[in-house]
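These notes are about the structure you will find just below.
Keep in mind it's a predicted model, so treat the numbers as computed, not measured.
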Amino acid sequence: MAATSTPGMLMTTINSCLSSSRNRVMTSTANFSAEHKEASWTRLTSSSHISSRQPFFQSFTSGNVKFQKVVTRAVSGAAEYKPLPGLPVDLRGKRAFIAGIADDNGYGWAIAKSLAAAGAEILVGTWVPALNIFESSLRRGKFDESRKLPDGSLMEITKVYPLDAVYDNPEDVPDDVKANKRYAGSSNWTVQEVVESVKQDFGSIDILVHSLANGPEVSKPLLETSRNGYLAAISASSYSFVSLLKHFVPIMNPGGASISLTYIASERIIPGYGGGMSSAKAALESDTQVLAFEAGRKHKIRVNTISAGPLRSRAAKAIGFIDMMIDYSSANAPLQKELSAEEVGNAAAFLASPLASAITGAVVYVDNGLNAMGVGVDSPIFENLDIPKGN
């Protein structure tokens, strides 16, 4: 997440994590541990498939090319798949929409890769001002290395949609945003319009991922945050999830899953994470529980959120203290290692899969256990204690 005062919102996320003493529902699986990262990826890729539909990337060739709009008409879940041996994360025949991918360096991208490795078809919603750069990078092969899946194939993105989740429908868009040159050339990018486009193109989805946030005054302490800055953070970072699920849930297949990304600042004081962003994350977690009840009862859709540890993403670097947060986590978490985006992606793939069919309304911590700590053990006050240290 980057602080910005430009119209719309930056569809990227900073989801770091510090200590927490508050108990939450937490889920783990041996396949997703750091020590078994390679085994985890192998298990995920054992269920991947090569789509018979024309992928987004296959519309590009090297050299000077004309961009081709790709529209497929696949119906999710229509094909029959033989069960895989063991207990794999199997998302074959499922279709996912990931809102908030604008580059190849963040949790949204990692989640897309894990879902693809498990066999899901990938649709992406990209913030309108970042759309041209994102699509250009895809066409020119800049993301090819990071598109690689465990089996050596490249992640396929069937279609990229322009999206600004701050606006529910065209009537909500202010005139200054409509006239902004960064939005020129794009259309049908409000939440309502994007969902209508997805319905027309594909009929339905099974998985919805909310990987976006923005706080224009994130660097300001809460006491110095303006009303507009505070409400902008809530709108872009939490209500956007409510709006996306509200509009997508009618075209989500029963048994589907929705996942968002949160941050420990929702319940603990994190100096430097201001501008109403801590309030926005608290709202997101509260909404997760309410939406789990409502979407579960009405539509048989599960709703969970992942509280992820710090990551050196481009969006996180905009806040300015991400390196310090990573160092703090490595020094104080039960597992003394740097968190990888793939570990968060794998957790999301599990939550989206039938293996998590009874898990909903949960905040799932993927942070090397830092949320369980009540103190920072790297403090000099503990220097005389025999505290175990990593090798």
Worksheet entry | Side-chain donor-acceptor pair present, His210, Ser258, cut-off under 3.5 Å | no

Discussion item. Please determine whether the number of non-hydrogen atoms from other residues, nucleotides or ligands lying under 6.0 Å from atom CG of Leu385 exceeds 12.
Written reply: yes

Worksheet item: Side-chain heavy atoms under 4.5 angstrom apart, residues restricted to Ile, Leu, Val, Met, Phe, Trp, Tyr: same cluster for Ile234 and Leu245?
Response: no

Item to complete: Please answer: with hydrophobic residues joined when any side-chain heavy atoms are less than 4.5 Å apart, are Leu244 and Ile251 in the same cluster?
Response: yes

Worksheet item: Considering residues at least two apart in sequence or located in another chain, which fulfil the salt bridge (charged side-chain N to carboxylate O under 4.0 Å, His left out) criterion with Lys220?
Response: Glu217

Discussion item. In the structure I gave you, are the side-chain heavy atoms of Gln192 and Tyr167 within less than 4.5 Å of one another anywhere?
Written reply: no

Discussion item. Give me the atom names and distance for the closest heavy-atom approach of Gly255 to Ile301.
Written reply: N-CD1, 4.4 Å

Practice prompt. Without swapping roles, check the side chain of Arg92 against the backbone of Gly119 for a donor-acceptor pair under 3.5 Å.
Written response: no

Discussion item. side-chain hydrogen bond (donor to acceptor under 3.5 Å, both in side chains) for Asn169 and Thr190? Distances and angles first, verdict last.
Written reply: CA-CA 5 Å; Asn169 52 63; Thr190 64; over 6 Å; no

Item to complete: Please check if the side chain of Asn332 supplies one atom and the backbone of Tyr328 the other of a donor-acceptor pair under 3.5 Å.
Response: yes

Fill in: Where Ser240 and Leu212 come nearest, the two heavy atoms and their spacing
OG-CD1, 3.3 Å

Worksheet item: Any side-chain donor paired with an acceptor under 3.5 Å for Ser197 and Asn188?
Response: no

Fill in: Check against side-chain contact (heavy atoms from CB on, under 4.5 Å), Val124 and Lys159
CA-CA 6 Å; Val124 167; Lys159 189 168 182 180; over 6 Å; no

Worksheet item: Do the side-chain N and O atoms of Asn253 and Ser204 include a donor-acceptor pair separated by under 3.5 angstrom?
Response: yes

Worksheet item: Hey, what do you get for CG (Asp168) to NZ (Lys246), rounding to the nearest 0.5 Å?
Response: 6.5 Å

Worksheet item: How many angstroms lie between atom CZ of Phe134 and atom OG1 of Thr126, to the nearest 0.5 angstrom?
Response: 4.5 Å

Discussion item. Pair Glu294, Arg297 - check salt bridge (charged side-chain N to carboxylate O under 4.0 Å, His left out), show working.
Written reply: CA-CA 5 Å; Glu294 295 181 357; Arg297 288 294 183 96; over 6 Å; no

Worksheet item: Roughly how far apart are Leu339 CG and Leu370 CG, rounded to 0.5 Å?
Response: 10.5 Å

Worksheet item: If only atom types and distance count, is the side chain of Ser329 paired as donor or acceptor with the main-chain N or O of Met325 below 3.5 Å?
Response: no

Worksheet item: So do Val160 and Glu135 actually touch side chain to side chain, heavy atoms under 4.5 Å?
Response: yes

Practice prompt. Would you check if Phe248 and Val191 make a side-chain contact, meaning some heavy-atom pair closer than 4.5 Å?
Written response: no

Discussion item. With no hydrogens and no angle check, just 3.5 Å: does a side-chain donor-acceptor pair link Asp151 and Ser153?
Written reply: yes

Worksheet item: So, do Val344 and Leu261 sit near enough that their side-chain heavy atoms are less than 4.5 Å apart?
Response: yes

Worksheet item: Hey, are Glu343 and Ser340 close enough side-chain-wise for a donor-acceptor pair under 3.5 Å?
Response: yes

Fill in: Check: Asp175 side chain, Val177 main-chain N or O, donor-acceptor pair, under 3.5 Å
no

Worksheet item: Is the closest side-chain heavy-atom distance between Lys113 and Leu149 below 4.5 Å?
Response: yes

Worksheet item: Looking at Phe143 and Leu138, what are the two nearest heavy atoms and their distance?
Response: CD1-CD2, 3.4 Å

Discussion item. Would Tyr107 and Ile98 count as a side-chain contact (heavy atoms from CB on, under 4.5 Å) here? Give the steps.
Written reply: CA-CA 11 Å; Tyr107 285 134; Ile98 300 98; over 6 Å; no

Discussion item. Would a single hydrophobic cluster contain both Leu115 and Phe350, if residues Ile, Leu, Val, Met, Phe, Trp and Tyr are joined by side-chain heavy-atom contacts under 4.5 Å?
Written reply: yes

Worksheet item: Taking C-beta and beyond as the side chain, do Phe293 and Thr360 meet within less than 4.5 Å on heavy atoms?
Response: no

Practice prompt. Return yes if some donor-acceptor pair links the side-chain N/O of Trp109 with the main-chain N/O of Ser146 below 3.5 Å, else return no.
Written response: yes

Discussion item. Ring-plane angle category for Tyr183 and Trp189, please: parallel below 30°, perpendicular beyond 60°, tilted otherwise.
Written reply: tilted

Practice prompt. Please lay out, stage by stage, how Tyr161 and Asp201 fare under the test side-chain contact (heavy atoms from CB on, under 4.5 Å).
Written response: CA-CA 11 Å; Tyr161 292 85; Asp201 293 344; 2.7 Å; yes

Response to the item:
d(Ser137 OG, Asp104 CG) to nearest 0.5 Å is 8.0 Å

Item to complete: Find out whether Tyr365 and Val363 are in side-chain contact, i.e. whether some heavy atom of one side chain is under 4.5 Å from a heavy atom of the other.
Response: yes

Practice prompt. Compute whether any side-chain donor of one residue and acceptor of the other, for Thr262 and Glu285, lie under 3.5 angstrom apart.
Written response: yes

Item to complete: Check Ala280 against Ser238 and note the closest heavy-atom contact, atom names and distance.
Response: O-CB, 3.4 Å

Discussion item. How close do Ala341 and Ala110 get, counting heavy atoms only, and between which atoms?
Written reply: O-CB, 3.3 Å

Practice prompt. Decide whether Ile359 and Ile306 are clustered together by the hydrophobic rule: side chain heavy atoms of Ile, Leu, Val, Met, Phe, Trp, Tyr closer than 4.5 Å, transitively.
Written response: yes

Fill in: N/O donor-acceptor pair under 3.5 Å between Ser286 side chain and Ala282 backbone
no

Practice prompt. Can you establish whether the number of heavy atoms outside Lys178 located under 6.0 Å from its atom NZ is more than 12?
Written response: yes

Item to complete: Evaluate the side-chain contact (heavy atoms from CB on, under 4.5 Å) criterion for residues Met277 and Ser237: first the C-alpha distance (whole Å), next the side-chain angles of each, then the deciding distance (0.1 Å), finally the verdict.
Response: CA-CA 8 Å; Met277 281 304 303; Ser237 308; 3.4 Å; yes

Worksheet item: Does the Thr288 side chain pair with the main chain of Leu284, one donor and one acceptor, at a distance under 3.5 Å?
Response: yes

Worksheet entry | Nearest heavy-atom neighbours spanning Ser260 and Thr305 | OG-OG1, 2.8 Å

Discussion item. Are the side chains of Ile207 and Arg95 in contact, using a 4.5 Å heavy-atom criterion?
Written reply: no

Worksheet item: Backbone N or O of Lys337 within a donor-acceptor pair of the Asn368 side chain at under 3.5 Å?
Response: yes

Item to complete: Would you confirm whether Thr225, through its side chain, and Pro221, through its main-chain N or O, come within 3.5 Å as a donor-acceptor pair?
Response: yes

Worksheet entry | Donor-acceptor contact below 3.5 Å, side chain His247 vs main chain Ser243 | yes

Practice prompt. Starting at NZ of Lys281, measure out to OG of Ser266 and round the result to the nearest 0.5 Å.
Written response: 9.0 Å

Practice prompt. State plainly whether one hydrophobic cluster holds both Ile270 and Met324, where clusters connect Ile, Leu, Val, Met, Phe, Trp and Tyr through side-chain heavy atoms under 4.5 angstrom apart.
Written response: yes

Fill in: Rounded distance [0.5 Å steps], OG in Ser353 versus CG in Leu91
6.0 Å

Worksheet item: How about Ile133: does its CD1 atom have over 12 heavy atoms from other parts shown lying under 6.0 Å from it?
Response: no

